[in-house]
Amino acid sequence: MEYTLNHPYLSSIMQSVIEKNPSQPEFYQAVHEFLSSLEPVIDKRPDIQANHVLERIVEPERQIMFRVSWVDDKGQIQVNRGYRIQFNSAIGPYKGGIRLHPSVNLGILKFLGFEQIFKNSLTGLPMGGAKGGSDFDPKGKSDNEVMSFCQSFMRELYRHIGADCDVPAGDIGTGAREIGYMFGQYKKITNEFTGVLTGKGLTWGGSLARREATGYGLCYFTNCMLAKKGTSFEGKTVVVSGAGNVAIYATEKATQLGGKVVALCDSTGYIYDKDGIKLDIVKDIKEVRRARISEYVKEVPSAEYHDGCKGIWTIPCDIALPCATQNELDLESAKALVANGVKFVAEGANMPSTPEAIAYFQENGVYFAPGKASNAGGVATSGLEMAQNSMRYSWTFEEVDAKLKGIMESIFKAADETATSVGHEDNLVIGANIAGFLKVADAMIAQGAI
Ligand code: NDP
Ligand code: 2IT
């Protein structure tokens with residue numbers, strides 16, 4: 001892919017990112033999308049270039065890489081690589097998830113940490129950007145092996161994090177079980193019970209509605225998009241990719257709001273249920289049994305299962321919510337969705353649409369929302385968990401859910417109004433990037449050369 005940019009300052013930043021960070025295509029992709037969005041404002045804010053804000057913002061404040069050795073059920077020592085990218089702390093402590101997946105590498109975590117800066121800024125809460133993880137694969141491991149890994153991971157990570165310094169959370173492969181093992185180990189080593197992780201269990205400092213927050217928030221955001229176009233979820237056909245935390249709770253809320261979700265997938269294949277996905281069955285397969293989505297058709301024989309994930313985008317729908325992983329939706333998939341009448345695409349995952357797919361949507365009248373705006377409900381509710389931990393108090397589900405809804409509506413408003421103010425109405429990519437960035441840029445300028 002060509003990483004061209006018209007503005008000489010933006011172009012020079014892109015070139016230096018490519019030169020200084022060899023073989024990190026996902027990081028280039030995220031930086032390029034961000035820099036292209038700044039074209040309409042960069043000349044209006046000469047202080048940004050004068051203060052070398054972009055040179056600084058593309059360079060993580062700190063990158064930590066470490067060995068994670070743990071003992072498997074056969075008594076063998078296994079070795080994985082652990083990471084924490086503390087990208088930017090201009091507006092608050094580092095904050096972002098931990099991804100456990102065999103594909104994890106430095107470039108992927110840098111793209112995620114970079115996007116997290118602007119996402120967290122958009123929430124309006126005081127959180128900087130970070131991401132971490134490991135190439136450890138929790139799939140097929142026993143609980144004991146997962147615990148052994150998580151404890152070893154935390155035995156190194158604990159010295160770099162803290163409730164006022166860096167607060168990790170879940171992401172792909174890291175759910176309540178993994179957060180529990182990591183929290184227990186942190187508490188054991190430091191002898192402190194603090195809000196050092198979010199996504200904790202409800203009896204030990206977790207927030208109600210954090211589990212649901214990313215998926216629910218995605219639908220609250222999508223609802224704002226629908227409302228702007230004079231419509232709603234009512235009667236709409238929805239395709240959701242993934243079958244994990246984000247996908248399950250996006251399906252739940254989309255259904256509550258009157259939509260019919262007809263498809264879900266995991267990394268082996270997708271299910272199509274023309275009558276609407278029965279979510280209690282999916283939750284049992286995924287949350288309780290940790291099994292494959294293909295099990296669904298054993299319980300719902302009228303549904304279809306197909307191998308491979310890409311076919312999910314050939315299913316006709318009004319709304320598509322990609323909620324699995326980066327670059328899962330390419331140009332060919334975008335063409336199939338448009339040909340079948342899709343009108344709204346909102347990202348639940350981080351960077352699930354390729355740049356070519358996004359351009360195709362925008363050129364063909366599809367209203368598109370980038371993940372850093374539409375999936376910010378998860379980290380926003382993590383911010384609410386931090387607030388509750390600081391107060392040593394907890395809000396009800398309804399209180400947290402209402403705050404989440406308010407935050408998603410204000411993110412939509414910020415992205416929408418910013419896009420319009422720079423002459424790109426309905427371009428939520430440009431709107432979200434500029435709105436998220438300017439707040440961080442102002443903080444970086446105010447704090448001087450750090
Ligand atoms: P989970 O681990 O709960 O679920 C991930 C789902 O995506 C699974 O169904 C998984 O299938 C599928 N998937 C993962 N990798 C691939 C792949 N390479 N190819 C095809 N399918 C894949 O993760 P989450 O639901 O938490 O995260 C999903 C996305 O949402 C990620 O992009 C994450 O960064 C983003 N996100 C998550 C937030 C959160 O609060 N959890 C907040 C904001 C964004 P399988 O089980 O077969 O691997
Ligand atoms: O990508 C994300 O925003 C997350 N995985 C959630 C991060 C968090 O700190 O809750």
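Counting convention: from 1, in listed order, for ligands and their atoms alike. Worth knowing before you read on, the calculation uses all heavy atoms, side chains too, and leaves out hydrogens, waters and symmetry mates. This structure is a prediction, so every number in the text was calculated from the model and none was measured.
The backbone N or O of Val68 sits nowhere less than 3.5 Å from a side-chain atom of Glu156 that would complete a donor-acceptor pair. Between the side chain of Gln388 and the backbone N or O of Ser394, no donor-acceptor pair lies under 3.5 Å.
Here Arg81 pairs with nothing under the salt bridge (charged side-chain N to carboxylate O under 4.0 Å, His left out) rule; sequence neighbours left out. With sequence neighbours left out, the ring pair (Phe, Tyr, Trp, His ring centres under 6.0 Å) criterion links Phe221 to Phe412.
Enumerated by chain and number, the residues approaching ligand 1 to less than 4.0 Å through a heavy atom are Arg99, His101, Lys119, Lys139, Asp171, Ile172, Gly173, Arg210, Thr214, Gly242, Ala243, Gly244, Asn245, Val246, Cys265, Asp266, Ser267, Arg292, Cys309, Cys323, Ala324, Thr325, Gly348, Ala349, Asn350, Asn375.
Close N/O approach between Pro168 and ligand 2 is not found [any backbone or side-chain N/O within under 3.5 Å]. Of the polar atoms of Asn375, none of the N or O atoms is found under 3.5 Å from an N or O of ligand 2, judged by distance alone.
Listed by number with element, the atoms of ligand 2 under 4.0 angstrom from any heavy atom of Lys131 are 1 (O), 2 (C), 4 (C), 5 (N). Against a heavy-atom cut-off of under 4.0 Å, Ala169 is close to the following atoms of ligand 2: 8 (C), 9 (O), 10 (O). Here is the list of ligand 2 atoms found below 4.0 Å of a heavy atom in Gly170: 4 (C), 5 (N), 6 (C). Within ligand 2, counting atoms from 1 as listed, the ones closer than 4.0 Å to a heavy atom of Ser382 are 8 (C), 9 (O), 10 (O). Within the listing of ligand 2, atoms 7 (C) sit less than 4.0 angstrom from a heavy atom of Gly97.
Atom CZ of Arg67 is surrounded by 12 or fewer heavy atoms from other residues, nucleotides or ligands within 6.0 Å.
Neither the backbone nor the side chain of Thr381 comes within 4.0 Å of ligand 2, counting heavy atoms alone.
Using a 4.0 Å cutoff on heavy atoms, Arg99 does not count as a contact of ligand 2. Distances shorter than 4.0 angstrom occur between a heavy atom of Arg210 and an atom of ligand 2.
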Report task. Begin with the C-alpha distance, continue with both residues' side-chain angles, and end with the deciding distance and a verdict on ring-ring contact (aromatic ring centres under 6.0 Å, His included) for Phe193 and Phe183. Result -> CA-CA 9 Å; Phe193 193 114; Phe183 182 79; 5.1 Å; yes

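Checked by atom type, the side-chain pair Arg210/Ser382 shows a donor-acceptor distance below 3.5 Å. With no hydrogens or angles considered, a side-chain donor-acceptor pair links Lys95 and Thr198 at under 3.5 Å.
For atom 9 (O) of ligand 2, the closest non-hydrogen atom of the protein is Lys95 NZ, 2.6 Å. Looking only at protein heavy atoms, the nearest one to atom 2 (C) of ligand 2 is Lys119 NZ, 3.3 Å.
Checked against the 6.0 Å centroid criterion, the rings of Phe66 and Phe153 qualify as a close aromatic pair. Aromatic ring centroids of Phe437 and Phe34 lie under 6.0 Å apart.
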Show which side-chain atoms of residues 238-246 pair as donor or acceptor with protein atoms under 3.5 Å away, not counting sequence neighbours.
residue	atom	partner	partner atom	Å
Ser241	OG	Cys323	N	2.9
Ser241	OG	Glu328	OE1	2.6
Ser241	OG	Glu328	OE2	3.3
Asn245	ND2	Arg211	O	3.0

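The closest side-chain heavy-atom distance from Lys405 to Asn223 is not below 4.5 Å.
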